[in-house]
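Structure first, then comments.
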Amino acid sequence: MPELPEVETVRRALALCLTGRRVVAVEGEAVRLRQPLDPAALAMSLVGRTMARFRRRGKYLLLDGDNHGSLLVHLGMSGRLTLDRRQQPLLPHTHLVLTLEDQRQLRYVDPRRFGLVEWLPAGSEAHHPTLAGLGPDPLDDDLVESLPPRLRCRRAPVKSLLLDQRLLAGVGNIYATEALWRAGIRPSRAASTISLARLRRLTVELQAVLAEAVTQGGTTLRDFASPSGDFGSFAVSLQAYGREGEPCRRCSRPLRRAVVGGRSSAWCPGCQR
DNA sequence: CCAGTATCCTGCAGGC
DNA sequence: TGCCTGCAGGATACTG
């Protein structure tokens with residue numbers, strides 16, 4: 001589900017609502033996520049901690065508990081963080097509940113269980129196997145210079161590379177599809193066959209679509225919502241994602257569907273080369 | 001190292 | 001109505 005704009009939307013909402021709040025209880029079920037969830041161990045690390053900062057690395061959220069460490073959260077495909085009053089009923093597939101001193105609860109809900117919740121002791125972040133390998137943030141200023149040469153030396157389909165979190169951390173299927181449509185590049189095109197100028201254009205379009213989506217609170221397709229329950233409104237701005245068979249908004253040809261790197265991709269045969 | 005595929009899991013839409 | 005299939009916003013462990 002959540003890509004950079006959605007995760008950033010969640011981060012901002014948490015920072016607004018939870019900064020300075022103390023965790024008084026942690027409960028959950030020992031369920032199998034990407035890694036097994038251990039609520040008892042998380043309780044040992046988290047109870048008594050004050051939520052100091054809320055950071056994002058790619059699609060990962062880091063909830064800093066004073067100086068003791070951070071709760072690392074990845075939402076996978078179907079993960080959500082919700083902020084509720086204690087007495088509100090739990091949604092199905094609620095795996096972890098942090099109760100705050102004011103009796104509100106931060107809840108982690110994830111039906112498909114592709115997500116991740118893990119405690120990172122202070123100082124361990126730099127050695128974490130996945131975090132350490134993440135590429136730069138797509139919104140970084142120098143990306144237009146740094147990304148194109150890294151793409152140009154690879155023979156894989158350009159879309160697969162945009163989705164590779166070690167190359168670039170935060171882009172998923174929606175925004176990769178949108179950026180390629182905006183840049184007029186076919187998703188299956190081998191990156192090495194695209195000129196540096198067009199790869200720069202792609203990078204510019206990628207940054208633009210991500211920035212616009214952040215200002216819209218992300219894309220709600222089915223069930224994405226910020227922790228306070230707000231839906232993202234960027235879905236109405238999608239030009240390619242999910243529009244297979246519908247006319248291209250630039251050249252009117254019907255969009256096609258292709259599978260690239262195992263992911264569904266909508267693209268226009270008229271204006272994406 | 002690189003590219004491509006299979007796999008984890010539930011829910012939902014569509015076809016019959 | 002119910003059953004079946006395929007597909008879904010992601011990451012990773014494999015294979016060649």
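Side-chain atoms are counted along with the backbone in the values below, which use heavy atoms only and exclude waters and symmetry mates. Below, chain A is the first sequence line, B the second, and so on; all start at residue 1.
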query: Which whole-number value in Å describes the distance from A:Leu134 CG to C:dG10 P?
result: 14 Å
Any N/O pairs under 3.5 Å between the protein and nucleotides 3-5 of chain B? List them or say none.
from	atom 1	to	atom 2	distance (Å)
B:dA3	OP1	A:Arg155	N	2.7
B:dA3	OP1	A:Ala156	N	3.1
B:dA3	OP2	A:Arg154	NE	2.6
B:dA3	OP2	A:Arg154	NH2	2.7

message: Can you confirm whether A:Arg249 is buried at CZ, in the sense that more than 12 heavy atoms of other residues, nucleotides or ligands lie under 6.0 Å from that atom?
response: yes
- prompt: Taking only residues two or more places apart in sequence or in another chain, which ones pass side chain to side chain contact (heavy atoms under 4.5 Å, CB included) with A:Arg250?
  reply: A:Trp181, A:Cys248, A:Cys271, A:Gln272
query: When you compare C:dG6 with B:dA6, how far apart are their P atoms, in angstrom units rounded to a whole number?
result: 14 Å
task: Measure the spacing between CG of A:Leu196 and CG of A:Leu202 and express it to the nearest 0.5 Å.
output: 12.0 Å
field: A:Glu29 side chain reached by A:Leu37 side chain, heavy atoms, under 4.5 Å
entry: no
- request: Starting at atom CZ of A:Arg243, determine the distance to atom C1' of C:dA8, rounded to an integer number of angstrom.
  value: 19 Å
message: I want to check one thing: is the phosphate of C:dA11, taken as OP1 and OP2, less than 4.0 Å away from some side-chain N or O of A:Lys59?
response: yes
- prompt: Expressed in angstrom and rounded to an integer, what is the separation of A:Gln165 atom CD from C:dT12 atom P?
  reply: 9 Å
Distances for protein N or O near nucleotides 9-11 of chain B N or O, under 3.5 Å:
from	atom 1	to	atom 2	distance (Å)
B:dC9	O3'	A:Arg113	NH2	2.9
B:dC9	O2	A:Arg112	NE	2.9
B:dT10	OP1	A:Arg113	NH2	3.0
B:dT10	O4'	A:Pro111	O	3.4
B:dT10	O3'	A:His93	NE2	3.1
B:dG11	OP1	A:His93	NE2	2.6

Spacing between A:Leu33 atom CG and B:dC8 atom C1', to the nearest angstrom: 11 Å
message: Please report the distance, rounded to the nearest Å, between CG in A:Asp164 and C1' in C:dG10.
response: 12 Å
field: Residue pairs fulfilling side-chain hydrogen bond (donor to acceptor under 3.5 Å, both in side chains) with at least one residue in residues 133-151 of chain A, sequence neighbours excluded
entry: A:Arg56-A:Asp137
Listed partners of A:Arg154 passing salt bridge (Lys or Arg N to Asp or Glu O under 4.0 Å), at least two apart: none
- prompt: side chain to side chain contact (heavy atoms under 4.5 Å, CB included) with A:Asp230: which residues, sequence neighbours excluded?
  reply: A:Ser226, A:Ser228
message: A:Arg11: which residues meet the salt bridge (Lys or Arg N to Asp or Glu O under 4.0 Å) condition with it, sequence neighbours left out?
response: A:Glu8
Any residue meeting side chain to side chain contact (heavy atoms under 4.5 Å, CB included) with A:Val24, in chain and number order, not counting sequence neighbours: A:Thr99, A:Glu101
- request: Under 4.0 Å between any heavy atoms, over every strand shown, what does A:Tyr175 touch: base, sugar-phosphate, or nothing? Just pick one.
  value: nothing
query: How would you list, by chain and number, every residue that makes a salt bridge (Lys or Arg N to Asp or Glu O under 4.0 Å) with A:Arg107, sequence neighbours excluded?
result: A:Asp84
message: Whole angstroms only, please: what is the CD-P distance between A:Glu178 and C:dG9?
response: 13 Å
Under the side-chain hydrogen bond (donor to acceptor under 3.5 Å, both in side chains) test, residues paired with A:Gln216 that sit two or more places apart: A:Ser233
message: When the P atoms of C:dC7 and B:dT5 are compared, how many Å lie between them, rounded to an integer?
response: 15 Å
message: Expressed as a whole number of angstroms, how long is the span from A:Leu221:CG to C:dG10:C1'?
response: 14 Å
- request: Using the test ring pair (Phe, Tyr, Trp, His ring centres under 6.0 Å), find all partners of A:Tyr60 that sit at least two apart in sequence or belong to another chain.
  value: A:His74
Distance in angstrom units between A:Lys159 NZ and C:dG10 P, rounded: 9 Å
- request: Could you give me the stems involving DNA chain B, meaning stretches of three or more consecutive Watson-Crick or G-U wobble pairs whose two defining distances are both below 3.5 Å?
  value: B:2-8 with C:10-16, B:10-16 with C:2-8
